[in-house]
Visitor: 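There's a structure below that I have some questions on.
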Amino acid sequence: MVKTKFMEELIEIQSEYIHLLELGLKDWEEEYFIEFVEELNLFWKRNENVLNTIYEYEFPNLETIFLTAVTKIDLEYLQHYSMKLSGKICLIDDSLISYLNLLDKDLPPKMREKFSNVIQENIQESIELFKIASNDFFILPLRTVIPIEIVTKAARQFFVSLFEGIISIEDYFKKINSFEDIERYLKEPVKDWILFGWDDEVGNNSLKERFTNFINTEFMGNKESPISEIFFFSQIGYLSQGMNILFTMSTTNFVPYIRGNLPFKYLTVLYTSLKYNLKLDLDQQIIRTSISYLFERIFDYEKLINVTYNEFLTKIDGLNLYGYVIKNLQLENKELHDISLRDVNLAVNEFYEDKFLPLF
């Protein structure tokens, strides 16, 4: 990586950020917590202009990927290894600020404790990644590129569009009083893709059974809340996340690196639904996102558990996951509707078996 003046600035910003995280983890006490949140918010606000300039002028568009829709990096599963195979510039979309600001609210004790543990794990992994690969991965608040008000408005509008005969959020809460109301107003195509929680999948169980299972196992709010409220919160977080990723892609031209089935599905649904209405031209980014997502599904970290990060970098030098699949299938400049996901999956498997695994 060529160290321009802006890149030198970014390296310094990252070092200062890690130092703040180390202090926060060391002094993780209730009386210091509010001050810690304020310090991080002010830190990113102070560096906002230079970061936006770096995003616009320093990072190559399709060669820059950003890990997003995760609560932690998962270093124990060598997720940074698989990510490094995809992009020249690897960014981590830092979820910490969002979680910290949420933790700052008046949460129930059990939920607060759970979020507190997630946040501390997040901080520990960020510090560890910096030690392993400083200046190789950058942990940045990419989700703040888009104002939260825009994301919230777009997510709520899309939520309303899931229903037939409901024209606003207010109308939704007025008309929905039971799960039978949800089923009656929900559009038929939506029932074929909508998910409830990370472990859910569209299969043999009915929509109501999947929703009930979500309430019993994953829903962290008040289980006695009205059904309309629980259903709303079961979707609005995923829709907001998808909208944020979509708008970040459009603003920066970076490629999201997504590991989970749920965020991948919601992003692709949102994009295909909004592509023509919003005149979005993100097909090449979505294609690359699909390639790395499919690679993640077959990546076996246990085969590399004894390989150090530096050894890994040496072995994969010259390998290019996106380049291999795109060249083999001639995907350059193709539109999303012209590609076969099955063919992409076969090409990804071929790359994994023939090019990647033999190195280890």
Side-chain angles (χ1 to χ4, degrees), residues 65-83 85-87 92-93 95 118 122 143 155 158-159 162 186 189-220 231 233-246 248-249 255-275 282-283 285-302 321-322 325 336 339-349 351-352:
I65 61 174
F66 64 104
L67 175 64
T68 188
V70 295
T71 56
K72 61 197 289 285
I73 305 163
D74 287 339
L75 296 179
E76 68 269 34
Y77 301 117
L78 307 184
Q79 297 288 270
H80 54 310
Y81 282 37
S82 54
M83 184 181 175
L85 199 65
S86 298
I92 310 292
D93 182 14
S95 60
V118 168
N122 178 295
R143 64 192 63 202
F158 195 87
F159 177 81
L162 301 179
L186 205 60
V190 174
K191 298 175 184 179
D192 293 332
W193 62 260
I194 197 168
L195 294 174
F196 304 106
W198 284 86
D199 296 325
D200 188 24
E201 59 181 34
V202 178
N204 296 326
N205 292 337
S206 69
L207 192 70
K208 186 172 184 178
E209 287 171 334
R210 292 193 292 115
F211 181 62
T212 301
N213 183 60
F214 163 76
I215 296 174
N216 293 334
T217 60
E218 291 192 55
F219 183 60
M220 291 190 296
F231 185 85
F233 283 112
S234 79
Q235 297 302 307
I236 199 64
Y238 306 141
L239 294 175
S240 297
Q241 183 183 71
M243 285 294 184
N244 188 281
I245 296 171
L246 199 61
T248 301
M249 290 168 63
V255 177
Y257 192 90
I258 295 176
R259 301 193 309 230
N261 174 52
L262 194 152
F264 178 74
K265 174 167 279 192
Y266 273 68
L267 175 63
T268 51
V269 166
L270 286 170
Y271 179 60
T272 52
S273 300
L274 300 173
K275 176 181 176 180
L282 307 174
D283 282 17
Q285 286 147 283
I286 294 291
I287 289 171
R288 290 175 180 238
T289 300
S290 302
I291 292 170
S292 54
Y293 168 73
L294 292 169
F295 181 82
E296 272 291 336
R297 294 176 72 85
I298 58 173
F299 176 73
D300 184 359
Y301 78 95
E302 291 186 346
L321 171 62
Y322 293 146
V325 177
L336 195 60
I339 75 164
S340 163
L341 198 59
R342 182 172 178 273
D343 288 343
V344 173
N345 189 42
L346 289 172
V348 169
N349 276 271
F351 172 87
Y352 184 71

Visitor: Under a 4.5 Å cut-off applied to non-hydrogen side-chain atoms, are Val202 and Arg210 in contact?
Guide: yes
Visitor: Please report the closest heavy-atom contact between Val269 and Thr272, naming both atoms and the distance.
Guide: O-OG1, 3.1 Å
Visitor: Phe231 vs Phe159 aromatic rings, parallel, tilted or perpendicular, using cut-offs 30° and 60°?
Guide: tilted
Visitor: Are there over 12 heavy-atom neighbours, none belonging to Tyr77, within less than 6.0 Å of that residue's OH?
Guide: no
Visitor: Please examine the side chains of Arg297 and Asn261, heavy atoms only from C-beta on, and report whether any two atoms are closer than 4.5 Å.
Guide: yes
Visitor: With a 3.5 Å distance limit and no angle check, can you tell me whether Asn122 reaches the backbone of Val118 through a side-chain donor-acceptor pair?
Guide: no
Visitor: In terms of the angle between their ring planes, are Phe214 and Phe196 parallel, tilted or perpendicular, with boundaries placed at 30° and 60°?
Guide: tilted
Visitor: Judged by modelled atom types alone, do Tyr301 and Ser82 share a side-chain donor-acceptor pair under 3.5 Å?
Guide: no
Visitor: State, with a plain yes or no, whether a side-chain heavy atom of Ser86 is found less than 4.5 Å away from one of Tyr322.
Guide: yes
Visitor: Tell me the closest heavy-atom pair linking Glu209 and Asn205, and the distance in Å.
Guide: OE1-CA, 3.3 Å
Visitor: Would you say Tyr271's side chain and Asp283's backbone share a donor-acceptor pair under 3.5 angstrom?
Guide: yes
Visitor: Taking C-beta and beyond as the side chain, do Asn345 and Leu341 meet within less than 4.5 Å on heavy atoms?
Guide: no
Visitor: Treating Tyr238 as the side-chain partner and Gly197 as the backbone partner, does any N or O pair qualify as donor plus acceptor under 3.5 Å?
Guide: yes
Visitor: With sequence neighbours left out, what residues match Phe351 under ring-ring contact (aromatic ring centres under 6.0 Å, His included)?
Guide: Tyr324
Visitor: Does the side chain of Met83 come within less than 4.5 Å of Ile73's, by heavy atoms?
Guide: no
Visitor: Check whether any side-chain heavy atom of Asn213 lies under 4.5 Å from a side-chain heavy atom of Asp200, and answer yes or no.
Guide: no
Visitor: So, for Ser292 and Pro256, which heavy atoms are closest and what is the spacing to 0.1 Å?
Guide: OG-O, 4.5 Å
Visitor: Do Asn244 side-chain atoms and Arg143 backbone N/O form a donor-acceptor pair below 3.5 Å?
Guide: yes
Visitor: Are there over 12 heavy-atom neighbours, none belonging to Lys191, within less than 6.0 Å of that residue's NZ?
Guide: yes
Visitor: Taking only residues two or more places apart in sequence or in another chain, which ones pass salt bridge (Lys or Arg N to Asp or Glu O under 4.0 Å) with Glu201?
Guide: none
Visitor: Could you grab the distance from atom CG of Asn216 to atom CZ of Phe211, nearest 0.5 Å is fine?
Guide: 10.5 Å
Visitor: Given side-chain contact (heavy atoms from CB on, under 4.5 Å), test His80 with Leu67 step by step and report yes or no.
Guide: CA-CA 9 Å; His80 54 310; Leu67 175 64; over 6 Å; no
Visitor: Among side-chain atoms of Tyr257 and Asp93, is any donor-acceptor pair under 3.5 angstrom?
Guide: no
Visitor: Which distance, rounded to the nearest 0.5 Å, do you find between the CE of Met243 and the CG of Leu274?
Guide: 5.0 Å
Visitor: Can you tell if the side chain of Phe295 reaches within under 4.5 Å of the side chain of Val325, non-hydrogen atoms only?
Guide: no
Visitor: How long is the straight-line distance from CD1 of Ile245 back to OG1 of Thr68, given to the nearest 0.5 Å?
Guide: 4.0 Å
Visitor: Quick check for you: to the nearest 0.5 Å, what is the distance between Leu78 atom CG and Glu302 atom CD?
Guide: 10.0 Å
Visitor: Output the distance between atom CD (Gln285) and atom OG (Ser290), rounded to the nearest 0.5 Å.
Guide: 11.5 Å
Visitor: Looking at every non-hydrogen atom in both residues, tell me the closest pair between Arg259 and Lys72 and how far apart they are.
Guide: NH2-O, 3.2 Å
Visitor: Nearest 0.5 angstrom please: Leu267 CG to Ile258 CD1, how far?
Guide: 4.5 Å
Visitor: Do Leu207 and Leu186 have side-chain heavy atoms sitting under 4.5 Å apart?
Guide: yes
